[in-house]
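Read through the structure below, which is laid out as structure tokens, and then see the notes.
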Amino acid sequence: MNYERIPPVIANVGQACYYCFKEKTAENSLSKCSGCYHVSYCGPGCQKAHWSKHKALCKAYKAVETNHGRDILAPYYFLPDDEDSLVVTDVRKLNECLGRVGTLVMQRLEAEVNRSLRIDERNLVGWEPRCLACGHSDATFRIEAKLRDRKPQSAGLKPCPTCRLSFCCSEEHWEVAKFKHQNEPCQDRLCFEDARFAQLMSGANAGEFKWAPERTVTSWSSLRNTDWSDYEPGLAQAFSSVSTMGPEFLKMMLRGAAENMSMPLTILWGLENLNSDDAWTQKDVLNIHILGAADKEVLNSQMFEEILHRVPLVKTLKLTFIGPELGRLTGPYPSMTEMDTCPQCLRHGRKRIHDHQPKTYHDYIIDEGSKFIKPDLAVAFDSGCSQEDIESWKKSYVALHQRGIPSVFTAFNSEEAQAEADLFKSIGVTLHPELGPKHNPWGSLLSKIEPNKVAGFYAVNGWLSGGFR
């Protein structure tokens, strides 16, 4: 299968070439596409090589900004701002405004290209650079100038010199924004370093960085007594040739590894907290249901073997992936498969069995009927059950609650986690205090900038929405 790399965030915000991803430096200046001004390239060679893929969106951007400019600007007119400086005083309302603008632009672009946007195209819309103080982008300044038949108010957004992922439209707005931006933990800087690392590893192995430990512990030990640093020695040993680049590079590797490793560790954390003793660690078969499963869970399924590595007395790990999205992107998966395991698991007779069910969880329960087997844990990773398919998800978590199934839900950020926790409580669920709504100690270490916002970060499984049984 040919692996096509998705442009990293530094390319989406114009700090790297959108085709070859080479970073913008004093020696490598970038030029914006003269058609849409939304992507940047090293030079004519990269732009020409990328044109066949960019052409449709380029023309769509021009059409949308020409034909729907007033609609795009409209949400800004209702923002509370300083009349003289136009600095928006309420960041929450500014982010809500940008969310509406992003949704509108996405819908208009899809209408122009007459199809759903690809993930790289959606990312370009979501991470369009915007001023920290007023929320305007270069595009909105262009639209406003065109409507008023004058030069754009801003000469172009300038990046923060430290993180290069946040922007301001003027020195005046930077003076307003920089104190808060520079005195908070610079998550933006980590985002930039992580994007650099992802680009480096993608160039080396034609895919995102993944690492699954091969060691097996001698017996189960509580996760309460450890954290992600427990994996640093194994990571350094597995990648000894690059770990010599220093401790900071090793930490970047650990953050990259945690992106997919967070799934099995979150499962183990849920099992530990929802069981009163360690009897579950000695079962012949450990049965896990993964709700709302999609290609991400299935294509990274080798990571789940870490459950067998940390719970060595379990002989069979059965993972049932359940979700209507299964198969829509990469074709149907087999209903039941025994997966390959590492040599040590193979020697000790440990098995990993995957079952794939392309349906909602409540439909799966109905279809199974008397054959339904209550799992040891049901988990939904970043379900978005308070944002999308709300009624369908409600049927599923109501079914979990009614059947007393031990369950864990995760979310990208604190707002989603709280919203989901409120939904669970509304049906009478009692949430476990260690399982949300709160930060997930085994969430991904890779923080990512929230799309269509000037502030805020999210992480894969970064928050626990709730755990109950």
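Only heavy atoms go into these numbers, but all of them, side chains included; no hydrogens, no water, no symmetry mates.
Residues Arg224 and Ser222 come closest through the heavy atom pair N-OG, 3.0 Å. The two residues Arg164 and Val13 make their nearest non-hydrogen contact at O-CG2, 4.3 Å. The minimum heavy-atom distance between Asp120 and Asn12, with the atom names listed, is O-OD1, 4.5 Å. The minimum heavy-atom distance linking Ser465 with Ala421 is given by the pair O-CB, 3.3 Å. Annotation for Leu271 and Ile288: closest pair CD1-CD1, 4.2 Å, computed over non-hydrogen atoms. Closest approach of Cys36 to His38, counting heavy atoms only: O-CD2, 3.0 Å.
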Trace of the salt bridge (charged side-chain N to carboxylate O under 4.0 Å, His left out) decision for Lys22 with Glu27: CA-CA 11 Å; Lys22 187 176 180 181; Glu27 295 76 27; over 6 Å; no
Using the rule given for side-chain hydrogen bond (donor to acceptor under 3.5 Å, both in side chains), can you reason through Tyr18 versus His50, listing the C-alpha separation, both sets of side-chain angles and the distance that settles it, and then say yes or no? CA-CA 8 Å; Tyr18 199 72; His50 189 244; 5.8 Å; no
Verdict with reasoning, Lys62 to Glu112, per salt bridge (charged side-chain N to carboxylate O under 4.0 Å, His left out): CA-CA 10 Å; Lys62 288 191 290 185; Glu112 288 292 333; over 6 Å; no
Apply side chain to side chain contact (heavy atoms under 4.5 Å, CB included) to residues Asn461 and Ser444 and explain how you reach the verdict. CA-CA 6 Å; Asn461 304 318; Ser444 172; 6.0 Å; no
So Leu73 and Val101, side chain to side chain contact (heavy atoms under 4.5 Å, CB included) or not? Walk me through it. CA-CA 8 Å; Leu73 291 179; Val101 171; over 6 Å; no
Apply side chain to side chain contact (heavy atoms under 4.5 Å, CB included) to residues Tyr41 and Trp51 and explain how you reach the verdict. CA-CA 11 Å; Tyr41 298 102; Trp51 176 241; over 6 Å; no
Are Leu464 and Thr266 close enough, and set up right, to give a side chain to side chain contact (heavy atoms under 4.5 Å, CB included), and what steps lead you there? CA-CA 9 Å; Leu464 293 161; Thr266 297; 4.3 Å; yes
Please lay out, stage by stage, how Arg148 and Glu144 fare under the test salt bridge (charged side-chain N to carboxylate O under 4.0 Å, His left out). CA-CA 6 Å; Arg148 298 186 179 186; Glu144 189 172 47; 3.7 Å; yes
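Within a 6.0 Å sphere centred on CD of Gln387, heavy atoms belonging to other residues, nucleotides or ligands number more than 12. The neighbour count for Phe78 CZ, taken as heavy atoms of other residues, nucleotides or ligands under 6.0 Å away, does not exceed 12. By the 6.0 Å contact criterion, CZ on Arg118 is enclosed, its count of non-hydrogen atoms from other residues, nucleotides or ligands being greater than 12. Counted within 6.0 Å of CD1 on Ile119, heavy atoms from surrounding residues, nucleotides or ligands total 12 or fewer; the atom is thus considered open.
Remark: Lys24 engages no residue in a salt bridge (charged side-chain N to carboxylate O under 4.0 Å, His left out) (not counting sequence neighbours). With sequence neighbours excluded, the residues that form a side chain to side chain donor-acceptor pair (under 3.5 Å) with Arg92 are Glu96. Checked against salt bridge (charged side-chain N to carboxylate O under 4.0 Å, His left out), Glu128 has the following partners two or more places apart in sequence or in another chain: Arg130. With sequence neighbours excluded, the residues forming a ring pair (Phe, Tyr, Trp, His ring centres under 6.0 Å) with Tyr231 are Trp228, listed by chain and number.
The shortest distance between side-chain heavy atoms of Gln47 and Tyr19 does not fall below 4.5 Å. Taking the side chain as every heavy atom from C-beta outward, Glu272 and Trp269 approach each other to under 4.5 Å. The shortest side-chain heavy-atom distance between Pro161 and Trp174 falls under the 4.5 Å cut-off. Considering only heavy atoms from C-beta on, Ser40 stays 4.5 Å or farther from Cys17 through its side chain. A heavy-atom distance below 4.5 Å is found between the side chains of Val298 and His356. By the 4.5 Å heavy-atom criterion applied to side chains, Asp138 and Lys32 are counted as neighbours. A 4.5 Å side-chain heavy-atom check between Lys93 and Val88 finds every atom pair outside the cut-off. Proximity of Cys131 to Phe167: side-chain heavy atoms (C-beta onward) are nowhere separated by under 4.5 Å.
One finds no salt bridge joining Asp382 and Lys296 here, because no Lys/Arg side-chain nitrogen approaches an Asp/Glu carboxylate oxygen to under 4.0 Å. For the pair Glu171 and Lys178, the salt-bridge criterion is not met [side-chain N within less than 4.0 Å of a carboxylate O]. A salt bridge links Lys448 with Glu259: the distance from a Lys NZ or Arg NE/NH1/NH2 to an Asp or Glu carboxylate oxygen falls below 4.0 Å. Salt bridge status for Glu65 with Arg142: present, with a side-chain N to carboxylate O gap under 4.0 Å.
Residue pairs meeting the salt bridge (charged side-chain N to carboxylate O under 4.0 Å, His left out) criterion with at least one partner in residues 226-239, sequence neighbours excluded, are Asp230-Arg310, Glu232-Lys251.
One distance of note links NE2 of His136 with OH of Tyr76; it measures 5.5 Å at 0.5 Å rounding. Rounding to the nearest 0.5 angstrom, the gap separating the CG atom in Leu104 from the CZ atom in Arg100 is 11.0 Å. Once rounded to the nearest 0.5 Å, the distance linking NZ of Lys395 with CG of Asp389 reads 11.0 Å. Separating the CZ atom in Arg108 from the OG1 atom in Thr103 is a distance of 11.0 Å, to the nearest 0.5 Å.
Taking the centre of each ring, Phe424 and Phe409 come in below the 6.0 Å mark. For an aromatic pair to be called close, the ring centres must be under 6.0 Å apart, and Phe412 with Phe457 fails this.
Under a 3.5 Å cut-off, the side chain of Glu110 and the backbone N or O of Leu117 do form a donor-acceptor pair. Judged purely by atom type and a 3.5 angstrom limit, Glu305 uses its side chain to pair as donor or acceptor with the backbone of Cys342. Proximity of a side-chain donor or acceptor of His309 to a complementary backbone N or O of Val217 within less than 3.5 Å is not detected. A side-chain donor-acceptor contact under 3.5 Å links Thr140 to the backbone of Ser137. Checked by atom type and distance alone, the side chain of Tyr361 never pairs as donor or acceptor with a backbone atom of Leu400 at under 3.5 Å. Formation of a donor-acceptor pair under 3.5 Å by the Asn95 side chain with backbone atoms of Val454 is found in this model. With hydrogens and angles disregarded, a donor-acceptor distance shorter than 3.5 Å links the side chain of Asn413 to the backbone of Glu416.
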When the side chains of residues 430-438 are checked against the rest of the protein, which donor-acceptor pairs come out under 3.5 Å, sequence neighbours left out?
unit_1 : atom_1 : unit_2 : atom_2 : d
His432 : ND1    : Glu434 : N      : 3.0
His432 : NE2    : Asn273 : O      : 3.0

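No hydrogens or angles considered: a donor-acceptor pair under 3.5 Å links the side chains of Arg352 and His354.
The side-chain contact (heavy atoms from CB on, under 4.5 Å) test with Leu291 is passed by exactly one of Trp393, Phe381, Phe321: Trp393.
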